[in-house]
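First comes the structure, then the notes that go with it.
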Amino acid sequence: MSRRPEEFIPVQAGSAGMYTCGPTVYNFAHIGNFRAYTFEDLLHRVLAWFGYDVTQVMNLTDVDDKTIRDSRKAGLPLKEFTRKYIQAFFEDLKTLNITPSAVYPAATDHIPEMIALIQTLMDKGFAYQAEDKSIYFSIDKFPEYGKLAHIDRENQISGVRIKNDEYAKDSVADFALWKAWDAADGDVRWESPWGPGRPGWHVECSAMSMKYLGKTFDIHTGGVDNMFPHHEDEIAQSESANGCRYVNYWLHCAHLMVNGEKMSKSAGNFFTLRDLLAKGYSGRAIRWVLLSCHYRKKLNFTFEALAQAEDTLKKFAEFFQRMRELPETAAESGLDPAKYEDEFTAALGDDLNVSAALAVLFNLQRDANKAADSGALPQSDGNAILDLYRKFDRVLGCLAVDEKNEEAVPAEVVDLAEQRIAARKNKDWAASDRLRDEIKTFGYTVEDIPGGWYRLKK
RNA sequence: GGCGUGGUUGCCGAGUGGCUAGGCAGAGGUCUGCAAAAUCUCCCACACCGGUUCGAUUCCGGUCCACGCCUCCA
């Protein structure tokens, strides 16, 4: 809201309450959506890294124009229709190793709470029922409206875009708290003191965040496009109803672009997580790409970046393997893991500066390799380094330090590799090369490691 | 029209009033039977024009360009 970094001071010492606008479950989420959820996960993990006890709440919007429209098109009851996409969403979160939220409240399970909130607004005179029977929030009653998006209502484009069905509102900018039922809603309807209908989008988040995090909580996140009007409206409703501050810190992440363009179905650059997995990319590499760009900067998604991420992670995997295979005794390396950890912590504490944090991983990798090259890295140091990367991964969640890469190499390939080692010992280079070619036909490459060892890679 | 963000070396991407971020790609060297891996060196940039300053990529002003939001898209 202040548009500058601020020190985080929680409502309750030692804990952090965080509300995240979750998916509208009418389809599979796309990687742009997951950019936001990955950013929020990073924030969650960094707060935990700094010792906060994090309570994250992510809502599921399972009733709105789109869910109703598409469930009717599919000929399914709303709940049944959205269940499929909710399930898919959870699978996707798992693929991206996103820390589970404490609660995933669904809008349709909280209608009474929303009605209660709307009633409070009615009682206090902030809301009114229009001729169309819908309930609207009167923006004129909330002078601070626009303080989050820094929008001055006077200077906005006037209502060229008003739809016919919105003429009932007192003021163009007023937004719906309760939408009166109409034929397009089919059997989607709930009873309320104002007649049948369904809640407006904004009121969902206010009612649910209040229920699980309290009237004033620490952090609210979402994509930039949610800033206005969605979050602005949440503030208006919540602060009007409760008479106290709604949220202390707002963090919005920028959009994801594909090849420099906005992702859209018509441009054919629209990808779901599943699309990428089907192309053979790993969840870890996708996570790396989504994570490695600062949240307030537009992320330009490219397949080159994705391939590079795969390479980077593979290099780390090889590095971790090397750190496991060090000599027991060696000269002193003088490497101080605490130094790298401090840098990592400082970087993340500075408004989630991931680039600087990742640079620490690369620097440590280089320094450790250098020490190992000169025979100055004993296994004890290697273990300390591995421990540190395990710690780093508590935040990054994609290094898989202890994931064994030995995905069941066929016995015959291992056998060929052993034969090749023997040939090399005898300096029979012709046989060695022939065996290497043969191993290649199985899809593996051998690399020699000093000391008569070898490594097989797919 | 209003509000806002940003333009960094071939590409991606941090950061700072003077001190090589980092990654990828490229060139050369070391190591290795070869290859791979690893490592070293090189490639030293900050849109443009003014101003402030001993000194600006970093601060200020202006220009150009790109992008986002302005009612339900993360």
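- When heavy atoms are screened at a 4.0 angstrom cut-off, G222(A) is found touching the sugar-phosphate backbone but no base atom.
- Looking at heavy-atom distances under 4.0 Å, H252(A) makes no contact with the nucleic acid at all.
- H230(A) comes within 4.0 angstrom of nothing in the nucleic acid, heavy atoms only.
- If you check distances only, the side chain of S292(A) never reaches the base of rG23(B) with a donor-acceptor pair under 3.5 Å.
- Using a 4.0 Å heavy-atom cutoff across all strands shown, N369(A) reaches sugar-phosphate atoms only and no base atom.
- Atom OG of residue S192(A) and atom CD1 of residue I118(A) lie 7.5 Å apart, to the nearest 0.5 angstrom.
- R366(A) comes within 4.0 angstrom of sugar-phosphate atoms only, judged by non-hydrogen atoms across all strands, and of no base.
- A donor-acceptor contact under 3.5 Å is formed by the side chain of D448(A) with the base of rC34(B).
- Closest to the side chain of E447(A), from the set rG23(B), rA37(B), rC72(B), is rA37(B).
- No side-chain donor from either of D218(A) and Y19(A) sits under 3.5 Å from a side-chain acceptor of the other.
- An aromatic stacking contact between F362(A) and the base of rG22(B) is absent, as defined here by ring centres under 5.5 Å apart and ring planes under 30° from parallel.
- Using a 4.0 Å heavy-atom criterion, one finds that D65(A) contacts no nucleic acid atom at all.
- Counting non-hydrogen atoms under 4.0 angstrom, N353(A) reaches the backbone sugars and phosphates but no base.
- Within the 4.0 Å cut-off from OP1 or OP2 of rC67(B), not a single side-chain nitrogen or oxygen of K297(A) is found.
- For Y85(A) and F28(A), the gap between ring centers is short of 6.0 Å.
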inquiry  = Output the pairing pattern of RNA chain B as a dot-bracket string, 5' first, Watson-Crick or G-U wobble with both distances under 3.5 Å, | for cross-strand pairs, [ ] for crossing pairs.
reply    = (((((((..(((.....[...))).(((((.......)))))....(((((..]....))))))))))))....
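- Within the nucleic acid shown, R4(A) has no heavy atom closer than 4.0 Å to any nucleic acid atom.
- Residue K315(A) is in sugar-phosphate contact alone, with no base atom involved, counting any heavy-atom pair closer than 4.0 Å across all strands shown.
- Using a 4.0 Å heavy-atom cutoff across all strands shown, V446(A) reaches at least one base atom of the nucleic acid.
- H255(A) comes within 4.0 angstrom of a nucleotide base, judged by non-hydrogen atoms across all strands.
- Summarising the geometry, the separation between CZ on F301(A) and C1' on rC67(B) is reported as 20 Å, rounded to the nearest angstrom.
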